[in-house]
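Throughout, numbering of the chain's residues begins at 1 and tracks the sequence. Small disclaimer: the values here were computed from a predicted structure and weren't measured. Hydrogens, waters and symmetry mates are skipped; everything else that's a heavy atom, side chains included, is used.
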Amino acid sequence: MIFVIKVLNKNYLSELSSSNQIFDYEKNIKSKREIYGESAINALINFTQNEFGLFITQPVLSDVERNSFAFFRSSNLSQSEKELSAVSFRVDSINFNNDKKIIYQCQVNSLLPDLFGDGFGIIEGNYYMTFSNYLIFSNTISSLKELVNQNIAENTLTNKNGFKAFSEHLSSETNYMVYCNVSKSNQLFESVLKRPSFRFLKKNFESIKNFENVTFQVSSGSNNLFYSNIFLNHNPDYKQETGSLWELELDTQIVSKPFVFINHYTKSREIFVQDANNKTYLVSNTGKVLWESQLNNRIVDKIYMVDVYKNNKYQLLFNTSNAVYLIDRNGKNVDNYPIIIKEGIAGSVHLLDYDKNREYRVLIPTKDGKLQNRTIGGSIVKGWNYKSKNTSNVAKLDFFKIKSKDYISVIYNNGLIEFLNRKGEARLKLKETLPEGSVERVFLQKSNSLENTLFITSDSLGNIVNISCSDKKTITTTDHVIRSEHTYYPITLEGGAKYHLFADVNTCLLYDDQIGLLFEKEFDNDYLLSPQVYVDKNGIIKIVLTLQKEKRVFLINHFGISVEEYPIKGSTSVLIGDLNNDGSYNMVVGSGNKKLMMYSLN
């Protein structure tokens with residue numbers, strides 16, 4: 001919506017006068033002047049230049065308030081900011097193109113609806129910042145940050161091809177305008193329409209959404225006449241966009257799971273990926289390539305973020321099939337790297353930080369059955385005496401402490417488990433072994449005793465197998481059938497509830513310790529990548545499933561019900577995290593057509 005403020009404010013006062021509400025209005029404004037002074041009112045009345053309104057970005061689920069904003073164009077932005085700051089607190093900031101945007105919260109309650117009418121009552125949080133020549137108000141800090149990030153990524157209405165063509169039909173001068181992307185506004189309609197109207201719209205939505213865009217405008221003319229027009233863009237071929245926050249096209253298809261890397265200067269989250277040509281990229285959380293670097297081979301599984309120089313500046317540690325890499329945030333090799341391992345590396349290296357003091361050790365399982373131990377500087381650790389009698393290669397490594405004793409757990413491909421001390425000497429060997437073929441899906445549940453420290457996995461029948469570090473095995477049978485080749489994830493919530501997620505090539509099921517099978521979801525003729533699990537802010541388990549053949553990503557809850565607006569496009573394992581550092585979850589996934597995409601999971 002866009003308004004001429006002087007006209008609107010006069011009309012608003014006239015309306016109050018005709019309905020005998022003008023005295024309450026003037027009393028309220030006078031009270032605010034006495035308490036807060038003239039600052040806030042001056043900033044929004046005296047310096048606003050002919051343009052203000054409300055806009056709502058695409059609602060995520062039904063959270064319309066979070067996506068609502070008020071804007072005011074100022075004739076003197078610095079003076080407006082100065083006036084408002086007298087009744088505001090600084091609460092946060094965000095970088096925008098090398099310019100730090102300060103986020104404030106105005107302490108004048110109901111300021112916007114009192115000045116401009118009840119329509120502005122949707123903005124209750126009173127958080128605001130300056131942007132271009134505007135004051136922008138919103139209900140949350142994270143909303144303002146997301147708005148800035150979308151502008152950095154150029155994911156704005158004016159950059160949409162459909163809107164560019166559509167806007168050519170609109171009047172360039174208007175007193176009042178409403179614009180709506182119909183297919184993206186279902187949740188908005190539910191929030192603002194009366195129930196009979198919404199029921200009608202919902203019943204006919206498949207036909208109504210063929211109107212890609214709709215705009216209503218009112219313009220003033222001479223002799224107190226007003227002219228209105230409505231423009232409908234009927235486009236039955238229009239396909240709703242994915243809803244991604246941004247999409248970035250790289251050189252070729254992405255093959256790695258995205259990894260989050262913290263920028264030690266700005267504390268923002270960045271994304272590290274590798275494509276099918278073994279080129280690696282560091283991408284900002286707004287979808288910009290920061291650098292590219294070419295490797296000779298593909299990265300194997302784990303990537304670690306380290307602080308080699310103990311100065312809170314970070315590097316990335318990972319390995320390929322024959323080399324260990326340590327690169328800085330600019331994509332350059334750290335001194336002494338890469339380290340070439342002529343015997344070849346069996347799986348992933350493992351990073352140790354025994355005492356949480358950044359005196360790192362890097363364990364490297366080699367294909368000749370040995371286990372190297374190197375400092376983060378690349379040299380062999382003196383006094384390392386690893387001499388295992390196991391003829392199988394190392395499959396997995398981990399570390400924990402119990403009563404000041406160190407335990408480096410070593411799982412071999414044949415299912416045997418042993419524990420080493422810091423010198424690489426055997427501290428403990430278990431007689432119980434892991435089921436055949438299960439070592440890739442073993443999870444270590446750490447505790448303060450050997451009895452309660454467990455290796456959890458599943459056997460070929462889908463039974464749950466626990467082996468304690470005190471050498472006791474328990475098997476829990478389940479009432480479902482799963483292929484022998486499957487992935488398994490144990491899930492424990494804060495309250496202690498335990499779940500078990502199984503997935504094979506085309507079936508996913510969730511098992512509850514107390515209830516049993518919660519759901520079983522099957523996808524015909526497809527291949528499921530390893531599921532990703534997170535718990536949302538309401539404590540509900542959410543499961544992300546990538547179908548590799550169809551190149552689609554599903555988001556389902558713990559009852560197996562798909563979340564609205566899914567599936568979306570994607571073909572890699574996903575990264576889930578608070579990538580904008582605003583308390584909200586995001587998901588990053590690669591597609592089958594060279595693109596890297598980020599979605600909101602709010």
Side-chain angles (χ1 to χ4, degrees), residues 248 250-285 287-354 356-368 370-382 384 394 397 572 575 579 588 590 596:
L248 171 66
L250 303 179
D251 290 353
T252 187
Q253 183 176 351
I254 298 162
V255 294
S256 70
K257 175 183 175 180
F259 177 82
V260 65
F261 182 52
I262 296 176
N263 183 319
H264 49 252
Y265 294 110
T266 65
K267 306 304 178 186
S268 62
R269 273 60 173 169
E270 297 166 347
I271 301 144
F272 180 69
V273 292
Q274 186 179 36
D275 69 18
N277 290 336
N278 297 328
K279 182 183 285 188
T280 59
Y281 306 80
L282 188 66
V283 179
S284 73
N285 61 3
K288 304 291 185 182
V289 174
L290 302 176
W291 53 255
E292 305 172 359
S293 180
Q294 185 66 50
L295 300 180
N296 292 328
N297 289 298
R298 191 164 295 183
I299 295 172
V300 179
D301 199 17
K302 289 185 179 178
I303 301 173
Y304 299 93
M305 189 173 71
V306 297
D307 180 5
V308 173
Y309 303 110
K310 302 181 181 180
N311 59 358
N312 297 317
K313 295 181 178 180
Y314 303 116
Q315 301 80 35
L316 290 171
L317 176 76
F318 56 86
N319 68 282
T320 62
S321 59
N322 65 348
V324 182
Y325 288 82
L326 182 64
I327 60 175
D328 64 22
R329 66 155 285 96
N330 296 312
K332 305 300 183 183
N333 288 320
V334 174
D335 290 346
N336 302 324
Y337 285 85
I339 300 171
I340 305 301
I341 307 298
K342 62 181 181 180
E343 301 88 354
I345 302 174
S348 295
V349 300
H350 190 83
L351 183 74
L352 295 175
D353 185 6
Y354 295 118
K356 306 297 182 184
N357 59 1
R358 292 173 284 187
E359 291 288 340
Y360 301 111
R361 296 292 183 264
V362 183
L363 297 182
I364 307 172
T366 59
K367 290 183 179 179
D368 62 355
K370 295 179 181 178
L371 184 61
Q372 292 186 15
N373 189 354
R374 292 178 179 260
T375 67
I376 198 66
S379 59
I380 295 290
V381 173
K382 295 179 180 179
W384 178 254
V394 174
L397 297 158
T572 68
L575 166 66
L579 299 180
V588 179
L596 184 70

Checklist entry - Between Asn373 and Val362, does a side chain to side chain contact (heavy atoms under 4.5 Å, CB included) hold up when you go through it step by step? => result CA-CA 6 Å; Asn373 189 354; Val362 183; 5.9 Å; no

Next on the checklist: Check this for me, if you would: do Asp353 and Arg358 make a salt bridge, where the nitrogen-to-carboxylate-oxygen distance has to be below 4.0 angstrom?
Outcome noted: no

Next on the checklist: I need the His350 NE2 to Arg361 CZ distance, nearest 0.5 Å.
Outcome noted: 14.0 Å

Item to check | Heavy-atom donor-acceptor pair, Asn285 side chain to Leu579 backbone, under 3.5 Å | outcome: yes

Next on the checklist: Using modelled atom types and a 3.5 Å cut-off, is there a donor and acceptor pairing between side-chain atoms of Asn297 and backbone atoms of Thr320?
Outcome noted: no

Checklist entry - At their closest point, which heavy atom of Thr280 faces which heavy atom of Ile299, and how far apart are they? => result CG2-CD1, 4.1 Å

Next on the checklist: Please give me the minimum heavy-atom distance between Lys267 and His264, naming the atom from each residue.
Outcome noted: NZ-O, 3.5 Å

Checklist entry - Taking Trp291 for the side chain and Lys332 for the main chain, is one N or O donor matched with an acceptor at less than 3.5 Å? => result no

Next on the checklist: Whether the side chain of Gln274 engages the backbone of Lys257 through a donor-acceptor N/O pair (distance < 3.5 Å, no angle test) should be reported.
Outcome noted: no

Checklist entry - Taking it one step at a time, do Val255 and Arg298 satisfy side chain to side chain contact (heavy atoms under 4.5 Å, CB included)? => result CA-CA 9 Å; Val255 294; Arg298 191 164 295 183; 3.8 Å; yes

Item to check | For the student: nearest non-hydrogen atoms of Phe259 and Met305, plus distance | outcome: CZ-N, 4.1 Å

Item to check | Ionic contact status for Glu343 with Lys367, cut-off 4.0 Å | outcome: no

Checklist entry - Do Asp251 and Lys279 pass the side chain to side chain contact (heavy atoms under 4.5 Å, CB included) test, and can you show the C-alpha distance, the side-chain angles, and the key distance before you say yes or no? => result CA-CA 9 Å; Asp251 290 353; Lys279 182 183 285 188; 2.5 Å; yes

Next on the checklist: Within a 6.0 Å radius of atom CG on Asn296, are there more than 12 heavy atoms belonging to other residues, nucleotides or ligands?
Outcome noted: no

Checklist entry - Which pair of non-hydrogen atoms, one from Gln372 and one from Trp384, has the smallest distance, and what is that distance? => result C-NE1, 4.3 Å

Checklist entry - Do you know which of Asp301, Leu326, Leu295 makes side-chain contact (heavy atoms from CB on, under 4.5 Å) with Phe318? => result Leu295

Item to check | From CD1 (Ile303) to OG (Ser256), nearest 0.5 Å | outcome: 6.0 Å

Next on the checklist: Less than 3.5 Å apart, any donor N or O on the side chain of Gln315 or Asp328 sitting next to an acceptor on the other?
Outcome noted: no

Next on the checklist: Using every non-hydrogen atom in the two residues, find where Ile254 and Gly590 come nearest and quote the distance to one decimal.
Outcome noted: CD1-CA, 4.0 Å

Item to check | Main-chain N/O of Arg374 paired with Tyr360 side-chain donor or acceptor, under 3.5 Å | outcome: no

Checklist entry - Side-chain contact, heavy-atom cut-off 4.5 Å: Leu397 with Leu371? => result yes

Checklist outcome for this item: Residue set satisfying side-chain contact (heavy atoms from CB on, under 4.5 Å) with Asn319, at least two apart, ordered chain then number -> Val300, Val324, Ile345, Ser348, Val349

Item to check | Nearest-0.5 Å distance, CG of residue Leu575 to CZ of residue Arg269 | outcome: 11.0 Å

Next on the checklist: Distance check, rounded to the nearest 0.5 Å: Ile271 atom CD1 versus Phe261 atom CZ?
Outcome noted: 12.5 Å

Checklist entry - Passes side chain to side chain contact (heavy atoms under 4.5 Å, CB included), Tyr304 versus Leu316? Steps please. => result CA-CA 6 Å; Tyr304 299 93; Leu316 290 171; over 6 Å; no

Next on the checklist: For the NZ atom on Lys370, are there more than 12 heavy atoms of other groups (residues, nucleotides or ligands in this structure) within a distance under 6.0 Å?
Outcome noted: no

Item to check | Distance in Å, Leu596 CG paired with Asp275 CG, rounded so as to fall on 0.5 Å steps | outcome: 11.0 Å

Checklist entry - How many angstroms lie between CG in Leu290 and CG in Asn330, if you round to the nearest 0.5 Å? => result 9.5 Å

Checklist entry - When you check the gap from the basic side-chain N to the acidic O, do Lys310 and Glu359 get nearer than 4.0 Å? => result yes

Item to check | Heavy-atom closest pair, residues Ile327 and Val334 | outcome: C-CG2, 4.2 Å

